[in-house]
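Below is one structure; the comments refer to it alone.
Remember, it's a predicted structure, so these values are computed and weren't measured experimentally.
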Amino acid sequence: MIRISVASLTLLACMHAMASTVPGAIGAPAGAGPSAAGADAVPAAAQPEAVNYAEKIHAFLLEQAAPYAGTAQINVEAPATDKLAACEQSEAFLPHGTKLRSRISVGIRCVAPQSWVAYAQANISIEGNYYVTAHALKAGTTLGPEDLSQRSGDLLRLPNGIVLDPSLLIGSITTQRLAAGATIKASALRGPESILRGQAVRLEARGAGFVATSDGKAMQNGEPGSQIQVRTASGQTVSGTVINSHTVLVLM
């Protein structure tokens, strides 16, 4: 008969108790301890960041202002999109026919997954240089550097149609009288190679195997490459292409 002392029984009981509480020990319950809980946990799905539509509109307006030779300052009021569906693909746009101006409405369009459109207001200024007449100019003046005076300011507050590039001003011919200090519109100028209505021109007629020239009078203004009508010395009206300041080409 096997005899087990009381001390041995006590030792066995202690070992069993330790095995049931120490993680990973022989005899411990499956999945016991903190490592099992961590293995079964599923990380929460990452939430996409909310699109900052005001920043997107700001970047869009910077692109629109890029052709201007100046420094743009833009402030955008965030559009009201909090009640609209979440958007994965959006784009900013200007309403049809809208040009940059100091106070402007800009659209933000959701393309996917659900279509919607919202609008935001923005304030823009573009500080840069422009040119005015240095003194009074009469019609027919060919502009030179001495006829221009540089100014600086918000380019968007200038009248529409102002010529900002000095290289486009130098050499152009005024079509009307301009007061001193006046901004210069494209409509008040013509190119040095243009033709004026009523001007005497040379007609150059070309056909298969022949070239003929004659005199005529322009019935319209025209820049090189444009089509104008010319009255010939015999009174006939023909159409031709402006070649330069004195020649109109007629193809036969």
Side-chain angles (χ1 to χ4, degrees), residues 63-70 93-101 104 126 128-150 155-252:
E63 292 179 356
Q64 300 301 305
Y68 289 84
F93 67 94
L94 290 178
H96 181 68
T98 301
K99 296 182 179 180
L100 283 188
R101 53 178 180 265
I104 193 170
I126 303 177
N129 297 326
Y130 62 98
Y131 295 83
V132 299
T133 54
H135 46 81
L137 298 172
K138 63 181 181 180
T141 301
T142 300
L143 292 178
E146 68 281 359
D147 299 315
L148 305 176
S149 181
Q150 182 176 288
L155 302 182
L156 292 182
R157 293 188 178 276
L158 296 174
N160 291 331
I162 295 298
V163 180
L164 300 175
D165 187 345
S167 67
L168 299 178
L169 293 171
I170 302 298
S172 293
I173 302 169
T174 59
T175 60
Q176 61 190 59
R177 184 183 181 280
L178 297 173
T183 53
I184 306 172
K185 292 186 176 183
S187 59
L189 302 172
R190 65 182 179 89
E193 292 297 309
S194 63
I195 286 176
L196 288 178
R197 179 182 179 183
Q199 175 186 332
V201 297
R202 184 183 68 179
L203 282 172
E204 187 174 291
R206 293 187 180 186
F210 75 91
V211 175
T213 61
S214 64
D215 295 329
K217 179 180 290 187
M219 299 178 67
Q220 297 170 289
N221 297 334
E223 296 287 339
S226 64
Q227 290 281 322
I228 65 169
Q229 290 189 320
V230 178
R231 179 169 293 165
T232 66
S234 63
Q236 182 182 3
T237 299
V238 296
S239 293
T241 302
V242 176
I243 301 300
N244 51 42
S245 60
H246 55 269
T247 307
V248 177
L249 173 66
V250 179
L251 297 178
M252 307 298 290

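- The CG atom of Leu249 sits 6.0 Å away from atom OG1 of Thr241, with the distance rounded to the nearest 0.5 Å.
- When each of Ile170, Val163, Leu169, Asp165 is paired with Ser167, the side chain to side chain contact (heavy atoms under 4.5 Å, CB included) condition holds for Asp165 and for no other.
- Shown here is Arg197, whose CZ atom has no more than 12 heavy atoms of other residues, nucleotides or ligands within 6.0 Å.
- Heavy atoms only, all atoms of each residue included: Ala188 and Leu178 are closest at CB-CD2, 4.3 Å.
- Side-chain atoms of Val250 and Val230, non-hydrogen and from C-beta on, never get closer than 4.5 Å to each other.
- For Val201 against Lys217, the heavy-atom pair with the smallest separation is CG2-N, 4.3 Å.
- Remark: the backbone N or O of Leu203 is not paired with any side-chain donor or acceptor of Thr213 at under 3.5 angstrom.
- Side-chain contact between Asp147 and His135 is present, with heavy atoms from C-beta onward closer than 4.5 Å.
- At distances below 3.5 Å, at least one donor-acceptor pair connects side-chain atoms of Thr174 with backbone N or O atoms of Thr141.
- Checked by atom type and distance alone, the side chain of Ser149 never pairs as donor or acceptor with a backbone atom of Val132 at under 3.5 Å.
- Contact of the Arg190 side chain with the Glu223 side chain is registered, since non-hydrogen atoms from C-beta on lie closer than 4.5 Å.
- Of the possible donor and acceptor atoms, none in the side chain of Ser172 sits under 3.5 Å from a partner among the backbone N and O of Gly191.
- For the pair Thr247 (side chain) and Asn244 (backbone), a donor-acceptor distance under 3.5 Å is absent.
- Contact record, Ser187 with Gln176: O-OE1, 4.5 Å, taken as the closest heavy-atom pair.
- Tyr131 contributes atom OH, which lies 14.5 Å from atom OG1 of Thr183 (distance to the nearest 0.5 angstrom).
- Around atom CG of Asn160, no more than 12 heavy atoms belonging to other residues, nucleotides or ligands sit under 6.0 Å away.
- Tyr130 contributes atom OH, which lies 5.5 Å from atom CG of Leu158 (distance to the nearest 0.5 angstrom).
- No side-chain donor-acceptor contact under 3.5 Å links Gln199 to the backbone of Ala218.
- One distance of note links CZ of Arg231 with CD of Gln236; it measures 11.0 Å at 0.5 Å rounding.
- Taking each heavy atom of Ser245 and Pro192 in turn, the nearest pair found is CB-O, 3.7 Å.
- The CD1 atom of Ile195 lies 9.0 Å from the CD1 atom of Ile243; values are rounded to the nearest 0.5 Å.
- At a threshold of 4.5 Å between non-hydrogen side-chain atoms, the residues Leu94 and Ile104 count as touching.
- With rounding to the nearest 0.5 angstrom, the OG1 atom of Thr133 is 9.5 Å from the CZ atom of Arg177.
- Within the 4.5 Å cutoff, the side chain of Leu137 has heavy atoms near those of the Leu143 side chain.
- When side chains are defined from C-beta on, Val211 counts as touching Glu204, because their heavy atoms get closer than 4.5 Å.
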